[in-house]
Protein chains: 2
Amino acid sequence: MSITQRQAQVLAFIRESLEAQGYPPTRAEIARHLGFRSPNAAESHLRALVKKRVIELLPGAARGIRVRGSGLPVIGRVAAGRPILAESHIERRLQVEEGLFRPKADYLLRVQGSSMRDAGILDRDLLAVHHVPLARHGQIVVARLDDEVTVKRLYRRQDRVELRPENPEFDPIKVDPRRQTLVIEGIVVGIIRSLSL
Amino acid sequence: MSITQRQAQVLAFIRESLEAQGYPPTRAEIARHLGFRSPNAAESHLRALVKKRVIELLPGAARGIRVRGSGLPVIGRVAAGRPILAESHIERRLQVEEGLFRPKADYLLRVQGSSMRDAGILDRDLLAVHHVPLARHGQIVVARLDDEVTVKRLYRRQDRVELRPENPEFDPIKVDPRRQTLVIEGIVVGIIRSLSL
DNA sequence: CAGATTACTGGATATAATTACAGCTGTATA
DNA sequence: TATACAGCTGTAATTATATCCAGTAATCTG
C-alpha cells in the first residue's frame with residue numbers, strides 16, 4: 001500500500017512549504033498550488049496520507065499537518081541479503097538540512113571498523129550516502145559484495161575492479177565478477193561525527 | 001537593543017512548538033503557555049521580536065511566525081581580535097538537529113589546514129563547537145593564541161600547557177603564559193564534512 | 001519630567017481555516 | 001458485476017486565529 005503520484009505531489013508541497021515558509025500549508029494553499037478548485041480535494045489527499053501513515057493531522061488546528069519520519073534515516077548494522085533501507089535497519093532519524101550534501105544524501109550509514117582511516121573516516125562515523133547504483137573510478141562507495149556491505153574506494157581499471165581500503169593494515173579487495181556479485185549501493189557524499197566527550 | 005527575558009521565553013516556546021508539533025504556535029497557545037489571560041499579550045511580544053529582527057510575522061496567516069537566523073552559523077575565516085561569533089564571520093546558517101552533538105553545538109567552524117589530520121579532521125571540514133571558556137586535558141579545542149585562532153588537542157600537565165597538532169608534519173605549541181595569552185574559545189564536539197564529488 | 005518601552009487585561013471583530021455533507025467520474029479489485 | 005478507492009467539484013457551517021482598540025502600571029531614558 002504505497003503512495004500515489006498525486007499524493008506524492010501533495011507531500012512534496014507540504015515539505016516545500018515547511019522549508020520555504022517555516023510552517024505547513026492550509027488545505028486552500030495545497031488546492032491553489034495543485035490547481036484544485038475545492039479545498040476538499042486537498043483534504044481527501046491528506047486523509048489518504050494519514051491512512052498510509054505518511055503524515056499526521058492534528059484535528060482543529062490550523063496548519064495542523066505533521067510529516068512523519070522526516071529527516072535522514074540512520075542505518076546501523078545491515079543484515080545480510082536485506083535492502084539497506086529496510087525499516088528494521090533504521091536506528092533513528094536525524095533532521096539534517098537538505099542541500100548540506102551534494103548530490104543529496106538519502107540516508108546515513110554508521111561505519112564499522114577503521115579500514116578507511118586515512119581518508120578521514122573513523123569507526124562509528126555516520127556516512128551520508130547518495131543512493132545510486134553506479135559509481136565512478138575514485139569515488140568512495142557503499143558496496144555489497146556477496147551480501148556483505150562495506151565502504152571502500154572504488155578502483156576501476158580496464159576490466160579490473162577493486163575495492164580499496166585506505167589504511168595499510170587492510171588489504172585491497174580484487175573483485176572477480178565470475179565468482180562474486182558486486183552491487184553499488186551508493187556513493188559517500190559526506191561525513192558526520194559526534195565526538196561527545 | 002537586545003532581547004528581554006520575557007521575550008526570550010516567548011521565542012523559546014516558538015522553537016519548542018516547532019520542534020514538538022512541527023508548526024509554530026498561535027497567539028492563544030503562547031498566552032496559555034506563559035499564563036497570559038489575553039492573546040494580545042502574546043501579540044505584543046511578537047511585535048517586539050519582529051522589531052528586534054528575531055522573527056518575522058506573516059500578516060493574515062494562521063501560525064504565520066518565522067524564526068529568523070535559525071540553524072547553526074557557519075564561521076569562515078576569523079579576523080584577528082574579533083569575537084568568533086561576530087555577524088561578519090557568518091558565511092551562512094545550516095539547519096542541523098539540536099542534540100545531534102553533545103554537549104550541544106553553538107556554531108560550525110571551517111577548518112583551515114591539515115594539522116589535525118590524524119584525528120580524522122581534514123582541511124575544509126566543518127567543526128561543531130561547543131562554546132565554553134574551559135577545557136579538560138585531552139580535548140580537542142578551538143583556542144586563541146595571541147589573536148590567532150587554531151584547532152588543536154589540549155595537553156595540560158602540572159603547570160605546562162601545550163596545544164598539540166595530530167600530524168607529524170606540524171610541531172606542538174608550548175604555551176608560555178608570561179608571554180602569550182591563551183583563550184579557550186570552545187571544545188570540538190563534532191565534525192561535518194561534505195565530499196561533493 | 002515627558003516620552004518610550006515593557007508587560008500586561010479585557011473586549012470585540014473580521015477573516016482564515018477546518019471540516020462536514022452531497023455528488024460526480026473513472027479505474028482497479030474481488 | 002458489485003464494491004472499493006482515487007481524484008475531484010461545490011456549498012456551507014463552525015471554529016480557530018489574527019488583529020484592532022482602549023486601558024493600567026512599572027521601568028527606563030534623555
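Excluded from the calculations below are hydrogen atoms, water molecules and symmetry mates; all remaining heavy atoms, backbone and side chain alike, are included. Numbered from 1 within each chain, the chains take letters A, B, ... in sequence-line order. Worth saying up front: this structure is predicted, and the values here are computed from it rather than measured.
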- Task: Assign each of Pro59(B) and Pro39(A) to its nearest nucleotide of DNA chain D by heavy atoms, then name whichever residue's nucleotide is nearer the 5' end.
- Result: Pro39(A)
- Query: CZ of Arg63(A) versus P of dA16(C): gap in Å, rounded?
  - Reply: 11 Å
- Check every strand shown and say whether Ala62(A) touches a base, only sugar-phosphate, or nothing at a heavy-atom separation below 4.0 Å. sugar-phosphate
- Query: Can you check whether Arg37(A) has a side-chain N or O nearer than 4.0 Å to OP1 or OP2 of dC8(D)?
  - Reply: no
- OP1 or OP2 of dG7(D) less than 4.0 angstrom from a side-chain nitrogen or oxygen of Gln7(A), does that happen here? yes
- Pair of N/O donor and acceptor under 3.5 Å linking dG10(D) base with Asn40(A) side chain: yes
- Message: Checking contacts here: which listed nucleotide (dT19(C), dT6(C), dG7(D)) is nearest the side-chain heavy atoms of Thr4(B)?
- Response: dT6(C)
- Task: Using a heavy-atom cut-off of under 4.0 Å over every strand shown, decide if Ser38(B) touches base, sugar-phosphate, or nothing.
- Result: base
- Task: Could you list all the ring pair (Phe, Tyr, Trp, His ring centres under 6.0 Å) pairs where at least one residue sits in residues 45-80 of chain A, not counting sequence neighbours?
- Result: Phe36(A)-His45(A)
- Report yes or no: does Arg110(B) contribute a side-chain atom to a donor-acceptor pair with the main-chain N or O of Arg124(B) at less than 3.5 Å? yes
- Message: Starting the side chain at C-beta, find the nucleotide from dT6(C), dC20(D), dT19(C) nearest to Arg27(A).
- Response: dT19(C)
- With respect to the phosphate group of dT6(C), does any side-chain polar atom (N or O) of Ser44(B) fall under 4.0 Å of OP1 or OP2? no
- Message: Distance to the ring centre below 6.0 angstrom and angle to the axis at most 45 degrees; does that hold for Arg164(B) and Tyr155(B)?
- Response: yes
- Query: To the nearest 0.5 Å, how far apart are CG in Leu182(A) and CG in Leu163(A)?
  - Reply: 5.5 Å
- Counting only side-chain N and O atoms of Arg47(A), is one of them less than 4.0 Å from OP1 or OP2 of dA20(C)? yes
- Note on the structure: In whole angstroms, the gap separating P of dA12(D) from CD of Glu43(A) amounts to 19 Å
- Item | Separation of dG7(D) C1' from Leu46(A) CG (nearest whole Å) | 13 Å
- Check the distance between dA7(C)'s P and Gln5(B)'s CD and give it to me in whole angstrom. 9 Å
- Message: Judged by each residue's nearest nucleotide on DNA chain C, which is more toward the 5′ side, Gly35(B) or Ala61(B)?
- Response: Gly35(B)
- Separation of dT18(C) atom P from Leu57(A) atom CG, nearest Å, is 9 Å
- Hey, is the main chain of Gly113(A) close enough, under 3.5 Å, to the side chain of Asp123(A) for a donor-acceptor pair? yes
- Task: With heavy atoms under 4.0 Å as the rule, sort Ala48(A) into base, sugar-phosphate or nothing.
- Result: nothing
- Query: Quick one: is Lys52(A) getting a side-chain N or O under 4.0 Å of the dA6(D) phosphate, OP1 or OP2?
  - Reply: yes
- Message: Once you apply a heavy-atom cut-off of 4.0 Å, does Ala28(B) come out as touching a base, just sugar-phosphate, or nothing?
- Response: nothing
- Item | Value in whole Å for how far the P atom of dT18(C) lies from CD1 of Ile55(A) | 11 Å
- Kindly check if the number of other-residue, nucleotide or ligand heavy atoms within 6.0 Å of NE2 (His131(B)) is above 12? no
- Message: Quick check for you: among dG7(D), dC8(C), dT19(C), whose closest atom lies nearest to any side-chain atom of His45(B)?
- Response: dC8(C)
- To the nearest Å, how far apart are Leu58(A) CG and dA16(D) C1'? 14 Å
- Separation of dT5(C) atom C1' from Ile3(B) atom CD1, nearest Å, is 15 Å
